[in-house]
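As structure tokens, the structure follows; a few thoughts come after it.
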Amino acid sequence: MVRAGLEAHVTGRIIASAEVLHPRAVRRHVPGAADFAGRLAGVKVEAARRRGKYLWLDLADGQALLAHLGMSGQMRVQPPGAPDEKHLRVRFTFADGGPELRFVDQRTFGGLALADLVDSGGTPVPDTIAHIARDPMDPAFDLAVAARALRARRTEVKRALLDQTLVSGVGNIYADEALWRARLHWARPTERLTAAQARAVLGAAADVMAEALAAGGTSFDALYVNVNGQSGYFDRSLNAYGQAGRPCDRCGTPIRRDPFMNRSSFSCPRCQPRPRGPR
DNA sequence: GTTCTTTCCTGCGAGC
DNA sequence: TGCTCGCAGGAAAGAA
């Protein structure tokens, strides 16, 4: 959705300037903020692309402007002169004098960087994210291959789902929802997944992502390119994540919260029984 | 080579 | 009322 907004509002335009208002926003651009701004001035934007949680703009000079929104990042298109957002981090102006592109990020987990484009399985991607796997919504995503890779891991299934080198775009929320749909407990050892279970949980992840994307689209308008996490989908459609104590939508058993990697995992104790026995 | 832990940051809500 | 505390999230880097 964010990608589509950028495609519609930024593609074909020439960047006039990039103003970095918070150095942390470009911390992953190693040469620094001045280099970042200097190399973007006068460059044309050719396309907007996405892989997993990364988003980037193809630039006419063969580079890419790479963005990760973290959890609080937004890309906004605003008329010049619109009041600065409280957490405005980077402002892009364009040679046509039209709307600005703004990177806004409260918690500064997100960031921007410039990268060279390299080939990854026939697709040009920024070199710094070439290790990131295709996401389940990518037309070239191969479910059978990903399912085999998932079963080849030696860890808990949720840890594997969150590993972006195996499958990308799945975060804590989508992982819990996919596991609920596939009726798998988050701690199930990957080596004990059947082939059908591995395919099911990955397919469920794809479904959840597609539904979230479709729901997020409802709040899109010309001036608000990002659809940030809080939109309707999260309140209405979650079966497991954040639902501790509420009845499971399948069986009515209260959803349980477990500590997991310094955060939480939510699951139905009845539909998703904890694995037993030795690994 | 693979897997696991720590750390970055800010706003919010709960509890005192 | 105002303070502190814990929590939320993704991924890089270092540790095991």
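All of these numbers come straight from a predicted model, not from anything done at the bench. Chain A is the first sequence line, chain B the second, and so forth, proteins listed ahead of strands; every chain is numbered from 1.
Picking from dT7(B), dT3(B), dT10(B) the nucleotide with the shortest atom distance to the side chain of Arg154(A) gives dT3(B). Nearest to the side-chain atoms of His131(A) among the listed nucleotides dG10(C), dA12(C), dG11(B) stands dA12(C).
Checking the phosphate oxygens (OP1, OP2) of dT10(B), no side-chain nitrogen or oxygen of Gln106(A) falls inside 4.0 Å. Between His68(A) and dA11(C), a side-chain N or O to OP1/OP2 separation shorter than 4.0 Å is present. For the pair Arg153(A) and dT3(B), the criterion of a side-chain N or O lying under 4.0 Å from OP1 or OP2 is met. Listed pair Tyr54(A) / dA12(C) meets the phosphate criterion, a side-chain N or O lying under 4.0 Å from OP1 or OP2. For Arg89(A), no side-chain nitrogen or oxygen approaches OP1 or OP2 of dC9(B) to under 4.0 Å. When the side-chain nitrogen and oxygen atoms of Arg159(A) are compared with OP1 and OP2 of dT5(B), one or more of them lie within a distance under 4.0 Å. Residue Thr108(A) places no side-chain N or O under 4.0 Å from the OP1 or OP2 atom of dC8(B). Side-chain nitrogen and oxygen atoms of Thr155(A) include at least one within less than 4.0 Å of the OP1 or OP2 phosphate oxygen of dC4(B).
Applying the 6.0 Å contact sphere to CZ of Arg250(A) captures more than 12 heavy atoms from other residues, nucleotides or ligands.
The CG atom of Asn262(A) sits 10 Å away from the P atom of dA8(C) (whole-angstrom rounding). If you take CG of Leu150(A) and P of dT3(B), they are 11 Å apart, rounded to a whole angstrom. To the nearest angstrom, P of dG10(C) lies 11 Å from CG of Asp176(A). Summarising the geometry, the separation between NE2 on His87(A) and C1' on dC12(B) is reported as 12 Å, rounded to the nearest angstrom. Look at CG on Asp105(A): it is 12 Å from C1' on dG10(C), rounded to the nearest Å. Taking atom CD of Glu85(A) as the reference point, atom P of dT10(B) lies 18 Å away to the nearest angstrom. Rounded to whole Å, the distance from CD on Glu191(A) to P on dT2(B) is 15 Å. Spacing between atom NZ of Lys53(A) and atom C1' of dA12(C) amounts to 13 Å, rounded to whole angstrom units.
Ser168(A) and Lys53(A) share no donor-acceptor pair across their side chains, judged by distance under 3.5 Å alone. Of the N and O atoms on the side chains of Gln197(A) and Arg188(A), at least one donor lies less than 3.5 Å from an acceptor on the other residue. A side-chain N or O of Arg257(A) and one of Ser264(A) form a donor-acceptor pair less than 3.5 Å apart. Using modelled atom types, one finds no donor on one side chain facing an acceptor on the other under 3.5 Å when comparing Glu85(A) with Gln74(A).
With hydrogens and angles left out, the side chain of Arg263(A) and the base of dG10(C) share a donor-acceptor pair within 3.5 Å. Side-chain N/O atoms of Arg28(A) and base N/O atoms of dA12(C) include no donor-acceptor pair closer than 3.5 Å.
Annotation: of the two residues near DNA chain B, Asp163(A) and Lys86(A), the 5′-most nearest-nucleotide partner is Asp163(A). Each of Ile132(A) and Asn172(A) was matched to the nucleotide of DNA chain C holding its nearest heavy atom; the match closer to the 5' end belongs to Asn172(A).
As judged by a 4.0 angstrom heavy-atom cut-off over every strand, Arg27(A) is placed among residues making no nucleic acid contact. Contacts of Gly171(A) with the nucleic acid, taken as non-hydrogen atoms under 4.0 Å apart, involve only primed sugar atoms and P, OP1 or OP2.
The cationic group of Arg134(A) does not satisfy the cation-pi geometry with Phe141(A), failing either the under 6.0 Å distance to the six-membered ring centre or the 45° limit from the ring axis.
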